[in-house]
Amino acid sequence: MLRAVALAAESRGRTLPNPAVGCVVLDAEGVPVGEGWHRRAGGPHAEVLALAAAGSRAGGGTAVVTLEPCAHTGRTGPCTQALLSAGIARVVVGVPEPSSTAGGGAERLRAAGVDVQQMDGPERDAAEVVNAVWLTAVRRRRPYLTWKLASTLDGRVAAADGSSRWITGAAARADVHRLRAECDTILVGVGTVLADDPSLTVRPGDGSIPGRQPLRVVADTHGRTPSNAQVRDSAATTWVATADQVGSDPDGRVDLRSLLTELYERERRHVLLEGGPTLAGAAVAAGLVDRVVAYLAPALLGDGRAALGAAGVSTINATHRLELVDVRRVGDDVRIEATPLPRP
Ligand SMILES: NC(=O)c1ccc[n+]([C@@H]2O[C@H](COP(=O)([O-])OP(=O)(O)OC[C@H]3O[C@@H](n4cnc5c(N)ncnc54)[C@H](OP(=O)(O)O)[C@@H]3O)[C@@H](O)[C@H]2O)c1
């Protein structure tokens, strides 16, 4: 299973709106004879690739898959059928399929006489983590949301005059482009468009997938995004989402939950929030942030915008607590990855 998880890691961020999946096929004696990972949406699934690599040696063997094999015909045929046709006798599953459309694979295999085993413990956890973005999105029926920020050590994301380019160094900025390449959507508030006029595209060479740029979304209650803003150029598709289109929250601004639901309907599974403190605060307050990636520069600004605006916290007991997932140095900056802990 851990080998299948390592294979699934190869496909992370490249298969959206599909999951990251890895598969290892063993022959009847338990010798690994085929491996596969899902490379792109619309392409063959991991099981099909691993079975193809194994050929006739798959007969009477075992397929170890990070996600329950699908039982439905999407852009490709059902994996359950491919496993049955190859004569697989046993299937080991990392995580059960959460969506009702693709679910029922294990049941169908069992009905056909295949021994299906659902993993537990660290192997299942690893299969869950490698596919966390997609699993979270499907379970919550809204895209996974990663909030990225670049701040000084004193927590400022812009100087007193609103300028913020650049707080972090070239290595951190290249890392942001790799992060963008893993997402299918980039979200900012109109405040960031007006202040910085960002292009919000993935640079070639920084992990971009040829021909694929994330959708750019501007939360813009009244449609103030200028007609000559860079986000309106032809480098990528842009949606200026107004309150008229998606509805408004109690403060009269674009309703973020409805916006995310709409993006999910449009097959978007991973949103990178690159907005300023106002939009980030609203997203944190609404409990919509699934992961924070912070680039901290060894610099001090004093006066200037704090990284997070109003986030529904008025007393220390209400602090949004996070769990550290990863801390590392990127060039001269520090990259911190953290996920929210449940609210008390
Ligand atoms: N260092 C960094 O990582 C970083 C990243 C981005 C920006 N910045 C800096 O941040 C500053 C801009 O900050 P900002 O807070 O104005 O930018 P923002 O958060 O990107 O945009 C805020 C605007 O988004 C609109 N909005 C629409 N729906 C909203 C909702 N539900 N909740 C909150 N806002 C919503 C609001 O304007 P309407 O009501 O008119 O729609 C709001 O004023 C600039 O100085 C920029 O350089 C820094």
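For the single chain, residues carry numbers from 1 onward in sequence order. Each ligand, and each atom within it, is numbered from 1 in the order the structure gives.
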Proximal atoms of ligand 1 relative to Gly162 (non-hydrogen, under 4.0 Å): 44 (C), 45 (O), 47 (O)
Between Val334 and Arg328, is any pair of side-chain heavy atoms under 4.5 Å apart? no
Just which atoms of ligand 1 are under 4.0 Å from any heavy atom in Ala158? 45 (O)
SG/Cys23 to CG/Leu51 distance, rounded to the nearest 0.5 angstrom? 6.0 Å
Can you sort out which atoms of ligand 1 are near Ala219, meaning under 4.0 Å from one of its heavy atoms? 24 (O), 25 (C), 26 (N), 27 (C), 28 (N)
Between Arg14 and Glu182, is there a salt bridge with N-O shorter than 4.0 Å? no
Can you list the atoms of ligand 1 that are under 4.0 Å from a heavy atom of Asp196? 46 (C), 47 (O)
May I ask you to list the atoms of ligand 1 that are less than 4.0 angstrom from any heavy atom of Asp249? 31 (N)
Tell me whether Val188 has any N or O atom under 3.5 angstrom from an N or O of ligand 1. no
Hey, are Thr315 and Asn317 close enough side-chain-wise for a donor-acceptor pair under 3.5 Å? no
Side chain, backbone, both or neither: which part of Thr192 comes within less than 4.0 Å of ligand 1 when only heavy atoms are counted? both
Ligand 1 atoms nearer than 4.0 angstrom to some heavy atom of Thr221 are 27 (C), 28 (N), 38 (P), 39 (O), 41 (O)
So for Glu274 against ligand 1, with non-hydrogen atoms under 4.0 Å, the contacting part is backbone
Note: ligand 1 atoms sitting under 4.0 Å from heavy atoms of Leu149 are 3 (O)
Gly189: numbered ligand 1 atoms lying under 4.0 Å from its heavy atoms: 18 (P), 20 (O), 21 (O), 24 (O)
More than 12 foreign heavy atoms under 6.0 Å from CG of Asp161: is that the case here? yes
Between Asp184 and Arg212, is the closest basic N to carboxylate O distance under 4.0 Å? no
If you draw the axis of the six-membered ring of Trp166, does the NZ or CZ of Arg173 fall within 45° of it and under 6.0 Å from the ring centre? yes
Going by the 4.0 angstrom heavy-atom rule, the piece of Ala282 near ligand 1 is side chain
Does the structure place the NZ or CZ of Arg269 under 6.0 Å from the centre of the six-membered ring of Tyr264, at an angle of no more than 45° from the ring's axis? yes
For ligand 1, find out whether one of its N or O atoms is nearer than 3.5 Å to an N or O atom of Ser163. no
